[in-house]
Amino acid sequence: MPAITLPDGSVRHFDAPVTGATVAASIGPGLAKAALAMKLDGRLVDLSTEIAADAQVVFITRRDDTALEMIRHDCAHVLAEAVQALYPGTQVTIGPSIENGFYYDFARNEPFTTADFEAIEAKMREIIARNAPFVRSEQDRNAAIAFFEAKGERFKAELIRDLPESETITFYSQGDWIDLCRGPHMRSTGDVGTAFKLMKVAGAYWRGDHRNPMLSRIYGTAWRDQKELDAHLRMLEEAEKRDHRRIGKEMGLFHMQEEATGSVFWHPKGWKLYRTAESYMRRRLEQNGYEEVKTPQLVDRALWEASGHWEKYRENMFQAQVADEDKTLALKPMNCPCHVLIFRQGLRSYRELPLRMAEFGACHRYEPSGALHGIMRVRAFTQDDAHIFCTEGQIAEETVRFVALLDSIYKDFGFESFRVKFSDRPEKRAGTDEVWDRAEGALKEACAIAGVEYELNPGEGAFYGPKLEFVLRDAIGRDWQCGTLQVDFVLPERLDAEYVGEDGNRHRPVMLHRAILGSFERFLGILIEQYAGRFPLWLAPVQVAIATIVSDADGYAAEVAAAFKAAGLAVITDTENAKIQAKIRRHSVDHVPVIAILGRKEAENGMVVLRRLGVEAQETITLEDAVKLLAAEATPPDLARLK
RNA sequence: GCCGCUUUAGCUCAGGGGUAGAGCAACUGAUUCGUAAUCAGUAGGUCGUAGGUUCAAUUCCUACAAGCGGCACCA
């Protein structure tokens with residue numbers, strides 16, 4: 001007879017097997033009402049699950065994060081029922097909960113449009129109001145396949161066919177509607193609540209494979225209550241305002257146009273931001289033992305054939321021919337082969353290792369049209385690329401050094417946290433298992449030493465070696481790989497890089513491919529969103545706007561501007577015949593971090609009124625102090641540390 | 001590349017088979033006004049590109065391009 005242990009340590013005894021609902025009711029009517037599901041010995045199950053033996057039980061209520069996931073999953077089921085009710089003949093496939101919501105993939109000849117949402121949502125509300133219980137049942141495998149095939153649900157039938165033989169096939173019904181599902185679910189459709197909204201439609205390949213048919217995916221968001229939903233929708237609206245494409249336009253940082261799809265036209269202010277970041281990176285690399293090089297844009301295909309890129313990536317390379325020569329050149333899609341060519345000039349000694357060769361390498365890749373995204377994913381980009389030529393024994397130490405540098409640089413740019421993914425050996429790979437064991441081992445060891453916590457990303461490594469990916473998130477919640485560190489045993493072999501070791505013999509170096517920002521374009525895009533265009537002083541393309549109140553202060557404004565410029569500050573002077581309110585608004589909208597306001601009083605006393613972006617409070621100080629203050633504040637963080 | 005949507009003034013957007021409209025910005029004039037929009041006036045458009053239907057297309061249809069949202073891809 002089951003003895004049930006609750007989280008507070010108390011034990012309840014029952015004479016016969018009981019369901020979770022009964023246990024909850026025995027504890028109190030409040031819990032009976034609130035319990036949506038339970039964890040039975042740590043396993044999430046339906047509340048209706050029968051407990052026959054002694055067990056630990058934790059009830060899940062709406063407050064739990066687990067409940068939120070269940071709301072979303074159940075909401076996906078409700079969506080599927082609604083869609084099949086409204087659009088007969090539509091096949092169901094899968095519908096998981098995801099971050100902030102859920103989706104469901106349907107197979108239907110005619111795709112959905114957002115215009116269908118109103119009707120679908122209304123039907124969903126009906127289904128939820130009906131409050132039909134979710135009922136679990138186990139099915140025989142063949143009967144289940146036959147059941148779905150009879151209904152014309154070939155995708156579901158395929159899913160079951162591909163489940164391992166050992167798997168129990170379970171169905172869940174909600175009223176008349178029934179679906180294959182592992183579960184668990186909440187008690188009934190009413191538990192979903194009404195705080196949901198359909199968001200967008202999209203195409204998605206069946207099972208994520210582009211050779212498969214394309215399904216019609218509906219995304220939705222779902223929350224515990226209306227307040228949470230409203231907050232989420234408001235957050236999305238705010239995120240839209242941070243979009244780098246919008247801010248880039250508003251602040252006049254860059255633009256893109258059809259004549260150069262996937263390439264950025266940097267405007268003066270955007271280029272200033274770019275150069276600030278580049279100068280900073282150059283200093284950090286120099287401080288950290290890197291040597292900068294510059295290699296050709298156009299390189300004969302022979303090099304790409306030798307490196308293996310021609311075979312694998314030719315379709316994605318821009319090629320160039322010249323009339324007089326029978327040659328095919330390619331715009332470099334990456335810098336590593338060229339770096340090996342530099343390494344190969346002259347005889348290298350083990351004493352030179354590790355040799356850290358850096359380049360702000362401008363690369364071109366013919367990315368698929370659908371992959372392009374603002375300046376985050378482009379066809380022409382510049383990497384803060386470097387290759388570390390080292391021995392196998394140096395991999396761990398170089399990794400530790402790299403991670404420390406990356407961490408410090410991300411912090412300087414205002415990124416306090418980031419995700420790290422460890423991508424290990426892919427199915428198709430070069431090199432022996434033994435080499436992979438050593439490479440992965442060295443990387444793991446380095447992560448342990450550096451205190452890097454990572455998520456395993458199995459099978460996603462480069463074909464030549466394992467890699468670490470450093471991921472930053474944009475305003476809308478999309479993740480982008482920025483930094484990377486890749487261990488490569490293959491390219492040195494292919495391009496015949498070698499050094500003379502201590503023993504007097506020739507050896508192959510290992511190459512570590514590494515980037516911190518990744519590409520300037522992507523990193524700056526994320527940086528724009530991170531700050532919503534309100535950059536710290538050292539990054540701001542325009543640092544101070546000098547605004548006069550009356551034209552009598554124009555002469556003084558010129559003097560102030562000259563003093564600021566002499567201190568290295570980027571200044572604009574606004575002596576237009578307009579009200580000071582209007583000028584403040586104008587420069588605030590432009591995200592200028594500091595507005596220096598000059599009236600008659602200031603001109604007479606040699607003072608400056610400083611007003612910070614978005615702050616009403618202001619300080620009145622002497623011109624001399626203002627120059628000192630702002631110059632200090634505008635010092636890049638690495639240089640500030642040296643002081 | 002695939003699915004869907006979008007493309008009208010510098011920007012944000014409205015409109016709709018009879019050759020276009022607002023706000024902001026721009027320009028001109030007045031205003032010198034102390035902390036997030038002073039007032040008035042003027043100018044501004046091959047309605048993404050190319051075809052087709054029509055007496056007539058910016059509007060309807062087709063193709064293409066670019067952008068957006070996903071999927072796939074990302075050396």
Side-chain angles (χ1 to χ4, degrees), chain A residues 103 105 108 110-116 199-219 240 243 245-246 249-250 252 255-262 304 307-317 332-337 363 365-374 376-379 381 383 460 462-465 467 469 476 478 480-481 484 486 488 490-491 513 518-519 522 547-554 575-590 595 597-602 609 611 613-618:
Chain A
Y103 67 77
D105 285 346
R108 183 181 175 223
E110 202 179 327
F112 299 100
T113 75
T114 46
D116 300 321
M199 302 297 285
K200 49 199 178 189
V201 288
Y205 297 109
W206 167 237
R207 297 192 147 177
D209 189 326
H210 68 276
R211 290 164 300 195
N212 286 340
M214 182 151 278
L215 306 171
S216 201
R217 174 174 298 180
I218 296 178
Y219 282 94
E240 243 173 74
D243 192 308
R245 292 163 295 199
R246 177 181 177 139
K249 197 181 276 178
E250 285 169 356
H255 89 276
M256 303 181 85
Q257 68 181 60
E258 213 170 320
E259 285 75 2
T261 305
W304 308 112
S307 70
H309 292 105
W310 189 260
E311 193 198 337
K312 206 162 179 220
Y313 292 109
R314 183 188 350 181
E315 305 296 307
N316 302 301
M317 287 165 70
K332 66 173 172 186
M334 52 186 348
N335 309 296
C336 27
C363 297
R365 293 178 187 174
Y366 184 71
E367 301 285 9
S369 58
L372 301 178
H373 181 96
M376 306 275 213
R377 184 88 183 264
V378 286
R379 289 181 176 153
F381 55 93
Q383 295 174 314
E460 295 294 317
F463 71 92
Y464 49 72
K467 63 178 178 178
E469 295 173 35
I476 304 158
R478 284 181 278 231
W480 297 93
Q481 180 199 303
T484 182
Q486 304 170 11
D488 182 2
V490 174
L491 203 60
H513 306 243
S519 91
R522 173 175 298 178
T548 52
I549 298 171
V550 290
S551 50
D552 286 352
D554 287 2
T575 54
E576 197 193 304
N577 178 6
K579 281 194 170 183
I580 192 64
Q581 287 97 319
K583 293 187 186 185
I584 287 169
R585 179 178 153 77
R586 185 184 303 163
H587 301 116
S588 297
V589 167
D590 282 349
I595 305 176
I597 296 166
L598 308 177
R600 226 170 252 129
K601 265 190 293 181
E602 289 71 26
V609 174
R611 186 191 158 115
L613 177 57
V615 180
E616 270 183 55
Q618 54 187 15

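As a basis for the values below, the full set of heavy atoms in this structure was taken, side chains included, without hydrogen atoms, waters or symmetry mates. Residue numbering restarts at 1 for every chain, and letters A, B, ... go by the order of the sequence lines.
Using the Watson-Crick or G-U wobble rule with both distances under 3.5 Å, B/rG17 pairs with nothing in any strand shown. B/rU53: no Watson-Crick or G-U partner with both key distances under 3.5 Å is found in any strand. Under the Watson-Crick or G-U wobble criterion, with both distances below 3.5 Å, B/rU12 is paired with B/rA22. Pair assignment for B/rG4 gives B/rC68, based on Watson-Crick or G-U wobble hydrogen-bonding distances that are each under 3.5 Å. When both distances must be under 3.5 Å, the Watson-Crick or G-U wobble mate of B/rG44 does not exist. Across all strands shown, the partner of B/rU38 is B/rA30, judged by Watson-Crick or G-U wobble contacts whose two distances both fall under 3.5 Å. Taking a pair to require two hydrogen-bonding distances under 3.5 Å in either a Watson-Crick or a G-U wobble arrangement, B/rU58 remains unpaired.
Rounded to whole Å, atom C1' of B/rC73 lies 12 Å from atom CE of A/Met214.
Taking side-chain N and O atoms only, A/Arg246 has no distance below 4.0 Å to OP1 or OP2 of B/rU12. For A/His373, a side-chain nitrogen or oxygen approaches OP1 or OP2 of B/rG69 to under 4.0 Å. In this structure, A/Arg207 does not reach the B/rA72 phosphate: none of its side-chain N or O atoms is under 4.0 Å from OP1 or OP2. Phosphate proximity of B/rU12 to A/Lys249: present, with a side-chain N or O under 4.0 Å from OP1 or OP2. Residue A/Arg245 places at least one side-chain N or O under 4.0 Å from the OP1 or OP2 atom of B/rC68. When the side-chain nitrogen and oxygen atoms of A/Ser369 are compared with OP1 and OP2 of B/rG1, one or more of them lie within a distance under 4.0 Å. In this structure, A/Lys583 does not reach the B/rG34 phosphate: none of its side-chain N or O atoms is under 4.0 Å from OP1 or OP2. The side chain of A/Lys312 contributes no N or O atom lying less than 4.0 Å from OP1 or OP2 of B/rA75.
Which of B/rU35, B/rC74, B/rA66 sits closest to the side chain of A/Arg365 comes down to B/rC74. Here B/rC73 is the nucleotide among B/rA36, B/rC73, B/rC3 with the atom lying nearest to any side-chain atom of A/Pro368. Here the nucleotide nearest the side chain of A/Tyr205, chosen from B/rU32, B/rG1, B/rA36, is B/rG1.
A gap of 32 Å separates the P atoms of B/rC61 and B/rA72, to the nearest Å. Here the separation of B/rU46 from B/rU8, taken at their C1' atoms, is 12 Å to the nearest Å. On the C1' atoms, B/rA57 is 13 Å away from B/rG51, given to the nearest whole Å. Across B/rA20 and B/rA14, the matching C1' atoms stand 11 Å from one another, rounded to whole Å. Here, B/rC27 and B/rA66 have their C1' atoms 31 Å apart, quoted to the whole Å. Rounded to a whole angstrom, the distance from the C1' atom of B/rG45 to that of B/rG16 is 16 Å. B/rU19 and B/rG1 have their C1' atoms separated by 39 Å, with the value rounded to a whole Å. Across the C1' atoms, B/rG10 and B/rU53 are found 35 Å apart, a figure rounded to whole Å.
Judged purely by atom type and a 3.5 angstrom limit, A/Asp243 has no side-chain atom pairing as donor or acceptor with the backbone of A/Glu240. Between the A/Lys583 side chain and the A/Glu576 main chain, a donor and an acceptor come within less than 3.5 Å of each other. At distances below 3.5 Å, not a single donor-acceptor pair connects side-chain atoms of A/Arg217 with backbone N or O atoms of A/Gly203. At least one donor-acceptor pair under 3.5 Å links the side chain of A/Glu602 to the backbone N or O of A/Gly599. Put simply, the side chain of A/Arg522 gets close to the backbone of A/Gln481: a donor and an acceptor are under 3.5 Å apart.
At least one cation-pi condition fails for A/Arg207 and A/Tyr205: the charged atom is not both under 6.0 angstrom from the six-membered ring centre and inside a 45 degree cone around its axis.
For a distance-only test at 3.5 Å, the side chain of A/Arg377 qualifies as a donor-acceptor partner of the base of B/rC74. Judged by distance alone with a 3.5 Å cut-off, no donor-acceptor contact links the side chain of A/Gln581 to the base of B/rU35. Applying the 3.5 Å distance criterion, the base of B/rG34 shares a donor-acceptor pair with the side chain of A/Glu602. The base of B/rG1 lies outside donor-acceptor range of the side chain of A/Tyr366, with no N or O pair under 3.5 Å.
Within the nucleic acid shown, A/Ile549 comes within 4.0 Å of at least one base atom, counting heavy atoms only. Counting any heavy atom pair closer than 4.0 Å across all strands shown, A/Asp209 reaches no nucleic acid atom. Within the nucleic acid shown, A/Gln486 comes within 4.0 Å of sugar-phosphate atoms alone, with no base atom in reach, counting heavy atoms only.
Looking at A/Glu367 and A/Asn316, their side chains never bring a donor and an acceptor atom within 3.5 Å of each other. Side chain to side chain, A/Gln257 and A/His255 meet the donor-acceptor criterion of an N or O pair below 3.5 Å.
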